[in-house]
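Side-chain atoms are counted along with the backbone in the values below, which use heavy atoms only and exclude waters and symmetry mates. Count residues from 1 along the sequence.
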Amino acid sequence: MLLPKIKLSDIRDNFSYYECKAENEKYNGSFIEIKKNEKEISVKVDLFSRIPFYYYINKKNMYGNSSFIELIIELKNNNISLSLDYVSIASFLKNNCFTENSTYFKEVLRVPPGSKINFNCNNGLTTIEQYYKYEPETLKEDNIDIIANNYVKILKSNFQNYLDQNNFENVGISLTGGFDSRMILSLLDDIKIKPTAFHYGHKDSNDFKISKKICKEYDLNNSIIEWRDLSYFKNKANLILHESDFMLPLHHSHMHQSIFEQKKKVDTIFYGHFMDMQMQGHFYNEKFENNTDQVDVSSSLKEMWCGKESAFSVLNMKTFKKIFSEDVVENYELNINNMLDKYSYLKSDKQYEISYLLNHGTRRAIAQCQLGSKHLDYYIPALQKNIFEFVWSLDTKIKKKRNLQKIIFKKFFEKNTNLDFVLDNYKILNLKNENLFNKNISKLIGLLKHPKINILKPYFDFWGKEYYKFDNYKNWMIEKILENESLFDNKFIDKSFFLLLKKNQANFPFAFISTLFTISQFLVFFKKIN
């Protein structure tokens, strides 16, 4: 996907973009269709809104853009007033991503994934049709070998078709030491494609070390950026956030430096997001495996959004209530309840997975790819419709804890298990020698390496434990936030919070601080255009 620049007011009749170029496959990848005439405007987006479309409707006028920032500038140039949506911004802070289709403003929304918006130009009536319901087909096949074979077959066909249809000569891969990019690398190797590898990070992280070993093992041309400091991100923070539409916390924009190396050397980047078989494959949670008690399912999901820190939320509810007004907290909880009710018709595991997929997935993980695709083609293989629906139909018992991924490697790509894998960005797994005995040994080593026990030297968890300390990154963000403290409305964040921030910086998670930094820079931008 190469993100098209779309401004609704520049379109005379129709506009369309399809990532998959063949007529019979155009709805298999990212797409957007816009139809416009004197009577009606319609905008249809793909299953995951990979090409985002932000819109504003006032009486009989509709404004729209694929860039949130460009839309805001257009609205201000037309003297249209906007009101900050404190509940949505608070949700961004609590969860590290905007939820559903919200933005910084009450009046500006995003067309929901798998939906079509229709606007009647004569009476201003707006309807949103959700054409895709995320209801998985029942998978009749339960033979794990056949499932693994079909998975590989679909992906290989998709890879080949995508490369053929787009005539890409130079292929790149965003490489890590983990399962997802190794799977992509294995599939590319199987169709005789040797990509250029791109990686970045701290030299002491296992991710960095193993990525270098992979490049050597496969004799890959590569561009590996060793971070000696974070001056690039500090100096270019405003540019990075502007390009991300201020929709990403700064620390999640970590690929930005690598994008320009990619643009010089390749035509497309294969990106591993979502290859982890969705949430039950990656963040397995037994509460949602075949749970038929809907009250319990809803309660457990609500706790993840409105309780302690979880896979969904970086800020616990106790701290959230101390920072934000009572009105903001009440409306946040109401929004979460409404969101969870929308998909209560799904099975328990799918309710859990879709909570992540349509929030953290479409508003953060895909937003990272959208940042890259403003510069060159970014391809997310796991989100092509046919492979997504195949994985979506699998029971938790088949894919949980990366079981299916492991089987695929052992069955089809055994030579690619010679090198260790990295789990959760820092833990080491040797898949080639994995058995019950070695699993127990690994668990024991992990326990002895735990910082609280500290018998063995702990893993160097750069992305989880060291990133915020590196080059004083978190403290630098806090200094910049405090410089713009006056831009935060007291109705939104109590001023006493900033006193707490000055005195007890360690009490606030890095992800929260990074998001707050992004928001503070957005408020600076908004003040300028006002």
Aromatic Tyr18 / basic Lys26 pairing, under 6.0 angstrom, 45° off normal: yes
Smallest separation among heavy atoms of Leu346 and Pro136, with atom names: CD2-CD, 4.2 Å
Residues in side chain to side chain donor-acceptor pair (under 3.5 Å) contact with Ser300, at least two apart in sequence or another chain: none
Pairs where residues 392-401 contributes a residue and the test salt bridge (Lys or Arg N to Asp or Glu O under 4.0 Å) is met, not counting sequence neighbours: Glu289-Lys400, Glu353-Lys399
Ring centres under 6.0 angstrom apart (Phe270, Tyr379): yes
Nearest atoms (heavy-atom pairs only) where Asn386 meets Asn28: N-OD1, 2.9 Å
Plane angle bin for Tyr343 and Tyr134 - parallel if under 30°, tilted between 30 and 60°, otherwise perpendicular: perpendicular
Gap separating the CH2 atom of Trp476 from the CG atom of Leu230, nearest 0.5 angstrom: 9.5 Å
Aromatic ring pairing Tyr426/Tyr459, orientation class (parallel under 30°, perpendicular over 60°, tilted between): perpendicular
Candidate pair Tyr162 and Asp377, rule side chain to side chain contact (heavy atoms under 4.5 Å, CB included), full reasoning: CA-CA 11 Å; Tyr162 190 73; Asp377 184 271; 2.8 Å; yes
Set of side chain to side chain donor-acceptor pair (under 3.5 Å) partners for Lys263, sequence neighbours left out: none
Leu175 to Cys215 - nearest heavy-atom pair and separation: CD2-SG, 3.8 Å
Ion pair Glu217/Lys213, N-O distance below 4.0 Å: no
Parallel, tilted or perpendicular, as decided by the 30° and 60° cut-offs, for the rings of Tyr467 and His251: tilted
Side chains of Val314 and Asn95 in contact at under 4.5 Å (non-hydrogen atoms): no
With His273, the side-chain contact (heavy atoms from CB on, under 4.5 Å) member among Ser181, Pro381, Cys369, Ser174: Cys369
For the student: nearest non-hydrogen atoms of Ile51 and Val45, plus distance: O-CG1, 4.1 Å
Close aromatic pair by centroid cut-off 6.0 Å: Phe31 and Tyr17: no
Selection residues 176-189 - residue pairs positive for salt bridge (Lys or Arg N to Asp or Glu O under 4.0 Å), sequence neighbours left out: Asp180-Arg402, Asp189-Lys415
Within 6.0 Å of NZ in Lys234, more than 12 heavy atoms from elsewhere: yes
Tyr473, Phe470, Trp227 screened by ring pair (Phe, Tyr, Trp, His ring centres under 6.0 Å) with His202, the one that passes: Phe470
Phe512 and Phe508 aromatic ring geometry - parallel, tilted or perpendicular at 30°/60° bounds: parallel
Minimum heavy-atom distance between Leu429 and Lys406, given as atom pair plus value: CD2-CE, 4.1 Å
For His256, side chain to side chain donor-acceptor pair (under 3.5 Å) partners two or more places apart: Tyr232, Glu243
Nearest-0.5 Å distance, SG of residue Cys97 to CZ of residue Arg364: 7.0 Å
Lys308/Glu303 ion pair, N-O < 4.0 Å: no
Lys474 charged N/C atom sitting above Phe510 aromatic ring, 6.0 Å / 45°: no
Donor-acceptor contact below 3.5 Å, side chain Ser66 vs main chain Pro4: yes
Side-chain (Asn316) to main-chain (Lys318) donor-acceptor, under 3.5 angstrom: yes
Student check: side-chain heavy atoms of Phe462 and Asp207 closer than 4.5 Å: no
Within the 6.0 Å centroid threshold, strictly below: Phe48 and Phe388: yes
Sequence-distant partners of Ser298, side chain to side chain donor-acceptor pair (under 3.5 Å), two or more places apart: Gln294
Within the 6.0 Å centroid threshold, strictly below: Phe198 and Tyr200: no
Arg363 side chain to Leu248 backbone, donor-acceptor under 3.5 Å: no
Candidate pair Glu135 and Lys350, rule salt bridge (Lys or Arg N to Asp or Glu O under 4.0 Å), full reasoning: CA-CA 9 Å; Glu135 292 179 286; Lys350 295 298 181 279; over 6 Å; no
